[in-house]
Protein chains: 2
Amino acid sequence: MFAYADFVGQVAREMAGELYGTMPGETNGEYHDALRPAKNGSAHAPTVPATLTPHTTSRETGSGGTQRGKSMASIQSIARYTGLSPATVSRYLNGHPYVSKEAQYAIELAIRELDYRPNASARSLRSGKTSRVAIVVFDASHPFCSGLIGGAGKAALQHGYDLLVQQAGAPGWQPERSVELAATRAVDGIIMASGSGLSRRHERELAALPVVTCDLDPSQSKLPGVYIDHYRSVLDGLEHLRERGARRIACVYVSGDQLASSSTRRQEAYRAFAGQYPSIEVIPVETENDLIEDGYTLLERLMQLPEPPDAVFTGSDDLAAGCLLAAQARGISVPEELRILGFDDGPVAEVLGISTIRQPVGRLGARAFQELYACISRGHTHESTDASTRSGRGTTGSARGSTAGSTLSSRGNAAAAGGGTAGSGSRIRVRYHLIARATT
Amino acid sequence: MFAYADFVGQVAREMAGELYGTMPGETNGEYHDALRPAKNGSAHAPTVPATLTPHTTSRETGSGGTQRGKSMASIQSIARYTGLSPATVSRYLNGHPYVSKEAQYAIELAIRELDYRPNASARSLRSGKTSRVAIVVFDASHPFCSGLIGGAGKAALQHGYDLLVQQAGAPGWQPERSVELAATRAVDGIIMASGSGLSRRHERELAALPVVTCDLDPSQSKLPGVYIDHYRSVLDGLEHLRERGARRIACVYVSGDQLASSSTRRQEAYRAFAGQYPSIEVIPVETENDLIEDGYTLLERLMQLPEPPDAVFTGSDDLAAGCLLAAQARGISVPEELRILGFDDGPVAEVLGISTIRQPVGRLGARAFQELYACISRGHTHESTDASTRSGRGTTGSARGSTAGSTLSSRGNAAAAGGGTAGSGSRIRVRYHLIARATT
DNA sequence: CTGTTAGCGCATTCAG
DNA sequence: CTGAATGCGCTAACAG
C-alpha cells in the first residue's frame, strides 16, 4: 500500500505549524544588510553619521508622514504642478462634474508625469470606509477554509472589495486581532468562519461591528450568519445508510470544533435519528482531528469493538478515506461489510469512489460576503431583528436516487420570512447533494 | 467506479467561477435594493437633480469622517474626558515613557469608558505603513495557492502583519488592482504568486514597489522572488522513472501557466533530460488544466498513440490521479505497464498511493513573506543588485531510497553568493522529497 | 467652473 | 512630565 507512517509524520508536522520554518540542516543564507544601496530619498540617505543633521531640505519632508524617500506625489503636488487647487484635482479624481476640459488635461498630464496615486489611508480616513473586509478561518490551507476564502474573495471583488484573511489556528493568533481589525476600522466588516476562542466578551464586541458568521452554529451566538443546515444534511446521510441496510452506524464527531462546522448540530441530528429508528444502533465516536490518518486509526478502534458497526458516518472525506484504507488493509469488504459516508465531496472522495455529501463551500463564502456587504451598505452592525421562523419545509428524509436538497440558511438583519415561495426574506437556499458512489 | 461524468461537470462548473452564484431553481430571496438607505456621500448622489443640496445635519457630522452614527471615540474624545491633551494620550498609547501614573489611570479609564479604539487609517496615514501585505494567487481555493496563503499568513502574523488575498483568476480581476493596492499604500507590499496577465508595464510599475514573486519563473522577470527549483525537481523525477525502467516518458505541461508554477522551467528540464539520455523518448504532452478530469482524458489521448508511453511525468497529483483512474479503467496495470508520477504530494496522491514529489508549499509562502518583510523593513523596493550565481551543488540525480533533496531558491536584493557552506548569501534552501509509493 | 477653508484621527516636534 | 501647534493626504462644504 503506501508509506503510512511517513505520511502520518508529515501531516502531523505540518499541522503543528512547522511547515514554514527553517528546517535544521538547510543552507539558509539570510540577507546581508550591509550593502544596502542608498536609494532612499532624493539621493541623501538617512544613514549618514547623524552628527550633522542632513538638513532635510527644510520643510516639505516636515514632521511625520511617508518615510519612504520618494516622497510620493500627493494631491497637492499635482495641484502645484498644474497651478490648480487641490480641490479641483480631487473633484477630477472623483469624477465630479464641473471640471473644465483644460483642467482635466492638465491634471491627467500631471498625474502621469508625477506618477501620482491617491493615498488609500487618507481616503479611508476621510470617508470612513476601506472597501475591505476580513475573513477569519481556522486554517487557510484547509480545503474547506480555502473554499470559503475563494468564494468570499470572488464575491468581494465584484463589489470592489478586497479580502483580508486571518487564521485563527496560526500560532500567535488571538481573538483580539480579529476584533481589532474591525474596531480600528482597518476593515469595514468581518466574516467569522472560525469559532475558535470566541469568548462571550469577544462576541459582544463583535456584535457592535458589521459581522457575519459563516458556518458557525447559529444557536451558539446571536450574530447574524450564513450556514449550511448540517442537521438536515446529517439526517439525509444517515437515511442514505439506513436505506442500504445499515443497522449499526458509527457516527463520528470532532472533539475540538476548531474548524468551522457545527459539530453540536450534527450530534443533535445523530440523536434525532437514533430516536426515530430505535432498531438502529447509533454509535457515537469521537476523534480529535479529521485527517486521513485519524480516519485510519478511527476505523481500527471501531473494529476492536465487541460488535463493530456496519456503517460509518464520518462527516469528512478525509476521515472516510482513512477508514476506507484501513478497512481495505484489514480485508474488510466495502461496502458489503462496511459502508462509509464522507462529507464535502473533495477530490479524495472522488478518486476513491466514496459516497459523500457535497457542500457548496464556495457559494457559502460568497453568500457570507454578500450578507456582510448588505450589512455594511445599510450602515448597520447587526441589530437583532431576529425572527428566525425556522421553516421545516418537508423533504427531510427521502434521499431518493442520489441527491437530496437541503437548505443553506442565512439569518441576517432583514426580517426573516419563513414562507416557501420565492423572494422577500433573508433566507437563501441552495442545494447540497448527497452523492452515492459504488465503492462505499 | 464513480460517476465520472457528473464529477467532470461539477468541476468544470466550479472552475468556471459559477460556484458562488445563484443556482437556477433555488429559492433565492435576494435583498430588495429598494430599501437601501441613501447613505451615499453626504446624502447627495451626483445623480440627484442638484437643485436643492440636502444640507446634512449641520456640524458634528460635519464634512467627511465616520458616517456610522456611533461617532467613534477619537483620541480627542478621551483627551477631553480626562482633561489631558491629545498628545499625552497618544504618548500613552504608544508606550512612550514620561506619562505620569495618574495620567495613565485616567486614560485607561477613559478608554474603557468610551470604548476607544485607535483608528487604523489615521495611523497609517501618519506613519506611512499599514502592517499589511497582499498576496496575489490565481485561485485561493486551489490547494497550492491555499498552501501559499496559509504559510504566508502565518509568517505574516509572527511579524504582526495581516494578509490580504487577491485572486487573479476571479472574474473581474485586473492586474491593475494588485498594482494599485501597493501603489495607493493600501498595503506595504505584495507577494505575486500569479503571473497571470502581468504585462511589461505592470511589472515595471511593480518594480518600484516592495514586491516579491513567489514560484514565478525567475527568468521571466527581474523582480526578486522565492521559488522552488522546478528544474531540478523535474530532473529528479525523471531520473526516478528512468531508474525503474521507463523508456518512453510522457512529459506533461500545462499550456496556460495561470497557476503559479514555472512550466517553462519544467520544459527546459524535459529537454535537458532528453539530451542526457538519447535512448529514452521524451514525449511532450500539453494539457489545458491540471485537474483530475484532465488527467483522465490525457491518458486516453496518450493511449491512442501508435506507441504509448510506459511512464507519465504529470507534474500534478490531480493529473496523476486522473491518469491512474483512466489506466485502471482500461485495464492497464500500474506500475508494470505504466508508471505515473505526481507532484505536490497532496491527499489524493496519498490515498491512491501515487509516487510524487512533495513541495514545501507552506514554507514557500512563508519565505516569500519573510523576503518581502525584509524588503519593507529595509525601505527598499527591489533595486537590482542581481548576481544570481546559480550554484549547481551536486546531488542532481540519485533518487536513492525514497527521498532526494533539492533547493528552494530565493533571489533577493542582497548579492547572491553561491557557496555551499551555510550563511552569507541570499539563497535559502529547503528540501523537497521524492516519495516513492507502491501503486505507481 | 474654481479656490479657500476646514477637519477626518493621530503622532511628533518644540516649548514650557 | 505635559500642552499647543503642525501636518500626513484627501474631500466636502462653502463662497466666489
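Below, chains carry the letters A, B, ... as their sequence lines are ordered, and counting in each starts from 1. The basis for the numbers below is simple: all heavy atoms, side chains too, and nothing from hydrogens, waters or symmetry mates.
- Within the structure, a side-chain polar atom (N or O) of A/R123 is placed less than 4.0 Å from OP1 or OP2 of D/dT11.
- The side chain of A/A87 lies closest to C/dG3, out of C/dG3, C/dT2, D/dG3.
- The shortest distance between the side-chain N/O atoms of B/R126 and the OP1/OP2 oxygens of C/dG9 is not below 4.0 Å.
- When heavy atoms are screened at a 4.0 angstrom cut-off, B/P118 is found touching the sugar-phosphate backbone but no base atom.
- Per the geometry, CG belonging to B/L125 stands 18 Å off P belonging to D/dT6, to the nearest Å.
- Of the two residues near DNA chain C, B/S90 and A/A103, the one whose nearest nucleotide lies more 5' is A/A103.
- In terms of phosphate contacts, B/T88 brings no side-chain nitrogen or oxygen within less than 4.0 Å of OP1 or OP2 of D/dT2.
- Between A/Y105 atom OH and C/dC1 atom P there is a gap of 13 Å when expressed in whole angstrom units.
- The base of D/dG3 lies close enough to the side chain of B/R91 for a donor and an acceptor atom to sit less than 3.5 Å apart.
- Among the atoms of the strands shown, only primed sugar atoms or phosphate atoms (P, OP1, OP2) are found under 4.0 Å from some heavy atom of B/Y116.
- Counting non-hydrogen atoms under 4.0 angstrom, A/S100 reaches the backbone sugars and phosphates but no base.
- Heavy atoms of A/V99 sit under 4.0 angstrom from primed sugar atoms or phosphate atoms, though from no base atom.
- Here B/H96 does not reach the OP1 or OP2 of D/dT2: none of its side-chain N or O atoms lies under 4.0 Å away.
- No hydrogens or angles were tested; on distance alone, nothing pairs the side chain of A/R117 with the base of D/dG9 as donor and acceptor under 3.5 Å.
- Taking every side-chain heavy atom of B/L84 into account, D/dG3 is the closest of D/dG3, C/dC10, D/dC10.
- The separation between A/Y98 atom OH and C/dT2 atom P is 12 Å, rounded to whole Å.
- One finds no salt bridge joining B/R185 and B/E180 here, because no Lys/Arg side-chain nitrogen approaches an Asp/Glu carboxylate oxygen to under 4.0 Å.
- Atom-to-atom, NZ of A/K129 to P of D/dA12 comes out at 12 Å; the value is rounded to the nearest Å.
- OP1 and OP2 of C/dC10 both lie 4.0 Å or more from every side-chain N or O belonging to B/N119.
- A straight line from CD1 of B/I78 to C1' of C/dA11 spans 14 Å, rounded to a whole angstrom.
- Checking B/Q167 against B/W173 by side-chain atom types alone, no donor-acceptor pair falls below 3.5 Å.
- Summarising the geometry, the separation between CD1 on B/I75 and C1' on C/dA11 is reported as 8 Å, rounded to the nearest angstrom.
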Chi angles and distances behind the side chain to side chain contact (heavy atoms under 4.5 Å, CB included) call for A/L223, A/V212: CA-CA 7 Å; A/L223 298 174; A/V212 165; over 6 Å; no

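- Ring geometry for A/H159 against A/F369 counts as tilted: the plane angle lies between 30° and 60°, on a 0 to 90° scale.
- The pair B/E203-B/R200 meets the salt-bridge criterion, since a charged nitrogen lies less than 4.0 angstrom from a carboxylate oxygen.
- Using a 4.0 Å cut-off between a side-chain N of Lys or Arg and a carboxylate O of Asp or Glu, A/E108 and A/R112 do not qualify as a salt bridge.
- Summary of the strand contacts: B/A122 and B/P86 both lie near DNA chain D, and taking for each the nucleotide with the nearest heavy atom, the more 5' one is attributed to B/P86.
- Per the geometry, CG belonging to A/L93 stands 11 Å off P belonging to D/dA12, to the nearest Å.
- Going from atom OH of B/Y92 over to atom P of C/dT12 covers 17 Å, rounded to whole Å.
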